[in-house]
Amino acid sequence: MGVGWCLAFLSLGILPLTGQVKTGTVSGGWRMPLMEENRLKTMLTGEGAKTLSNGSLEISKVRIELFDDESPPRPRMRIEAPECLFDPNEQEASSAGPIELRASDESFSIKGRGFRWNQTAGTLSISNAVRTLISRSTLGKPEASSASIEVHSDRFEYHKEANMGSYQGNVEAREGDRFQMNCLQLKVTLPDDNQEPERIHAEGDVRIELTTNDTATELHGEVAKYDPRDHSGTLHLTGQPRWKTAEYSGRGERISIVGLDATPTFTVVGKAIMELPVLVSGDPQNEGESRIRVAANSYTVAEAGAEFLGGVRAEAEGKWALQSQVLIAGIDRATQTITRITARSGVEIKQTVGGKLTEARGDSAEFVPAGNELAEAVLTGSAVVESEGVTSWADRIELRRVHSETAVVAEGNVVLRLPRAALSSQGMFRFRAASGTTEKEEAANQAVEIRADRYRLDGGTGRFRGNVVLTDEGGRMTCRALDLESGTHVRELQTMTATGNVFVDHEEGELSCHRLLARFEGPSNQVETLVATEAVEIKQQTGVATGGRAVFDIPNQWIEMTVDPELRTRLVVGDVPKNVLATADVLIWDQSDNTVKGRGRFRIRTVPHGG
């Protein structure tokens with residue numbers, strides 16, 4: 001039996017007392033059956049009735065029963081009032097006293113004080129202390145909850161023409177401890193079959209409290225709409241709607257709640273904003289929670305997490321910010337905090353750690369927030385990371401928070417570009433000092449590029465592995481592994497070590513060896529010394545040197561060769577240029593004037609050209 005039967009009684013013509021009424025009094029009880037096609041439709045009973053001088057009837061203890069179409073007829077509803085005044089000419093009954101409508105199966109009841117019922121207009125109004133009880137089975141959801149829905153309001157009106165009931169003034173609808181709604185007006189529209197409600201419409205300072213799985217959610221707005229016949233059980237909230245739980249909060253232009261009878265899902269559309277907590281642990285100074293604010297075109301919040309779509313921007317108290325078209329936030333049910341975030345399509349991340357700004361881009365990203373910082377972030381698909389003039393490209397880039405630094409791990413088609421000053425304003429592979437300030441300035445404006453299969457930058461270290469290629473404005477080095485060491489940042493280098501088939505091809509010559517170590521001097525990052533070891537070979541226009549070890553003194557422009565060194569060059573002997581072969585325990589090749597010195601078994605001999 002539906003709510004419609006409780007309101008539809010107004011359309012059945014249950015008070016036929018019309019026309020001329022004789023003056024008199026009836027006592028001791030009376031009953032009046034109303035038949036329709038030889039079927040009992042309505043039964044009126046009362047204890048007494050008195051005809052007043054104006055023709056109205058004063059009826060006491062009136063009871064009206066409505067019957068169904070079964071055979072034999074069964075009562076559907078009863079209406080009771082201790083007393084009422086009935087005007088047969090206006091077809092209107094009224095009373096300042098109480099009234100009660102109750103379905104025979106107890107699925108619905110409404111009580112109040114002070115009512116007016118006009119049968120011609122098809123209206124009923126209850127003016128005070130309205131209380132309604134609705135069984136969950138009336139809404140077609142008997143399995144959802146054993147609690148009834150209770151509605152309180154100052155007033156109630158029913159209009160037959162619109163087939164709508166309206167609760168007005170301090171409206172409160174409650175279902176046990178799981179659902180409560182307060183508003184200024186609540187309208188219930190019935191379909192033509194007068195069964196379960198077709199629409200429920202609340203407006204005016206709408207406040208909803210929903211409790212599921214021990215989680216309480218508060219919602220606010222100006223208008224709420226609900227269609228009980230929609231099996232998804234969706235409630236729509238508009239008029240600057242907003243929502244919050246103990247941990248989360250959000251707002252937008254429209255909020256839709258799906259699954260009111262189970263675990264609800266929230267969808268917020270239009271200028272959608274949500275604030276989420278992030279658990280901070282392992283940092284005694286920031287132990288507890290921090291907040292993430294996410295804005296998007298829309299988002300959906302379910303038990304397992306939240307999904308944001310269109311124009312997504314997330315930020316954590318000015319410490320980091322993220323932009324993308326899609327963002328998915330995973331939620332830990334135990335702590336009700338964000339544990340992992342996945343972003344897709346046009347991902348851009350900015351983070352400030354230790355006063356240093358890092359910017360990252362990619363097709364997609366996954367990261368773990370840790371308070372105001374990103375503990376870990378992984379970018380894939382044309383990933384790019386920029387920080388303090390250093391730019392990285394790779395198929396996959398991982399950012400990790402290490403104390404006050406951001407560690408970068410890159411894999412696949414790795415490219416790292418640094419400003420020239422990061423290695424040396426004179427040029428990485430220059431075997432002698434630059435001549436002139438202009439040349440230094442030009443070199444300083446050039447970029448150094450490092451390619452590898454993978455690398456890791458962690459504070460003051462850089463590790464490049466697999467098919468490493470380093471290029472500056474005038475030279476190129478290849479090796480199997482490259483390690484950079486610095487005091488605080490890769491831009492302030494102290495040493496650089498290349499190992500494994502090291503080959504340098506520069507405008508001033510070539511160098512090959514197994515291991516090459518470069519030491520840098522001071523904040524200017526000038527190359528102070530280069531040390532090459534194992535199978536060293538140096539080729540320049542002025543000669544070729546080989547040995548087991550070579551030390552380049554860049555400021556003094558000489559090379560010291562040891563471990564079976566040999567130098568083939570062209571020297572002036574007795575005013576005659578000749579090709580010579582120099583050997584010694586230690587050979588010193590002066591680049592400034594192309595002279596050679598030796599210590600220990602030093603020997604120079606002339607050789608044929610090309611010999």
Side-chain angles (χ1 to χ4, degrees), residues 248-256 258 265-278 290-332 337-353 357-387 390-401 406-417 454:
Y248 310 102
S249 63
R251 63 182 185 270
E253 295 179 342
R254 185 178 79 249
I255 298 177
S256 299
V258 179
T265 298
F266 295 83
T267 298
V268 182
V269 178
K271 298 179 181 179
I273 294 175
M274 181 177 177
E275 290 190 359
L276 311 91
V278 177
S290 182
R291 308 289 294 179
I292 294 177
R293 182 181 184 273
V294 186
N297 294 341
S298 66
Y299 63 81
T300 299
V301 182
E303 186 176 18
E307 181 177 10
F308 302 82
L309 300 175
V312 181
R313 178 176 176 82
E315 57 183 13
E317 300 178 1
K319 295 296 183 178
W320 63 264
L322 177 147
Q323 292 183 353
S324 65
Q325 291 302 309
V326 178
L327 187 147
I328 301 172
I331 297 176
D332 186 310
T337 55
I338 298 301
T339 57
R340 180 169 290 275
I341 294 177
T342 300
R344 301 192 187 103
S345 184
V347 180
E348 296 184 13
I349 300 174
K350 294 182 180 181
Q351 177 175 226
T352 301
V353 178
L357 174 64
T358 299
E359 299 182 57
R361 300 185 300 275
D363 295 337
S364 63
E366 290 191 11
F367 60 93
V368 176
N372 294 337
E373 300 176 357
L374 302 180
E376 178 181 324
V378 178
L379 293 97
T380 55
S382 303
V384 181
V385 175
E386 298 179 79
S387 180
V390 178
T391 305
S392 304
W393 293 267
D395 295 337
R396 181 182 186 275
I397 298 180
E398 181 176 344
L399 305 177
R400 297 177 183 172
R401 186 189 64 175
T406 299
V408 181
V409 179
E411 298 178 351
N413 299 309
V414 171
V415 179
L416 179 70
R417 183 171 293 171
R454 60 192 180 279

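Worth knowing before you read on, the calculation uses all heavy atoms, side chains too, and leaves out hydrogens, waters and symmetry mates. Keep in mind that this is a model prediction, so the values were computed, not measured.
Evaluation of the side chain to side chain donor-acceptor pair (under 3.5 Å) rule for S256 yields H236 as partners, not counting sequence neighbours. Residues meeting the side-chain contact (heavy atoms from CB on, under 4.5 Å) test with A314, sequence neighbours left out: I292, V294, W320, L322, L327.
Considering only heavy atoms from C-beta on, E366 stays 4.5 Å or farther from T380 through its side chain. No side-chain heavy atom of V409 sits less than 4.5 Å from a side-chain heavy atom of I397. No side-chain heavy atom of T267 sits under 4.5 Å from any side-chain heavy atom of I255. At a threshold of 4.5 Å between non-hydrogen side-chain atoms, the residues Y248 and E275 do not count as touching. Side-chain contact between I328 and I341 is absent, with no heavy-atom pair separated by less than 4.5 Å. Side-chain contact between E411 and D395: absent, with no pair of heavy atoms (C-beta onward) separated by less than 4.5 Å.
Between V414 and A394, the shortest heavy-atom distance links the atoms CG2-CB, 4.0 Å. Closest approach of V347 and S364 over heavy atoms only: CG2-CA, 3.8 Å. Here the closest heavy-atom approach between residue A360 and residue V385 is recorded as CB-CG2, 3.8 Å. Here the closest non-hydrogen pair linking A306 and V301 is CB-CG2, 4.1 Å.
Annotation for R396: atom CZ counts as buried by contact number, over 12 foreign heavy atoms lying within 6.0 Å.
Side chain of Y299 to main chain of I273: a donor-acceptor pair is present (N/O by atom type, distance under 3.5 Å, no hydrogens or angles).
Atom CG of residue N297 and atom CZ of residue F308 lie 12.5 Å apart, to the nearest 0.5 angstrom. Between the OG atom of S298 and the NZ atom of K271 there is a distance of 14.5 Å, given to the nearest 0.5 Å. In this structure, CD in E386 is found 4.0 Å from OG1 in T391, a value given to the nearest 0.5 Å. K350 contributes atom NZ, which lies 10.0 Å from atom CZ of R361 (distance to the nearest 0.5 angstrom). S324 OG to E348 CD: the interatomic distance, rounded to the nearest 0.5 Å, is 9.5 Å.
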Could you go through E315 and R313, starting from their C-alpha distance and side-chain angles, then the distance that decides it, and tell me whether this counts as salt bridge (Lys or Arg N to Asp or Glu O under 4.0 Å)? CA-CA 7 Å; E315 57 183 13; R313 178 176 176 82; 3.8 Å; yes
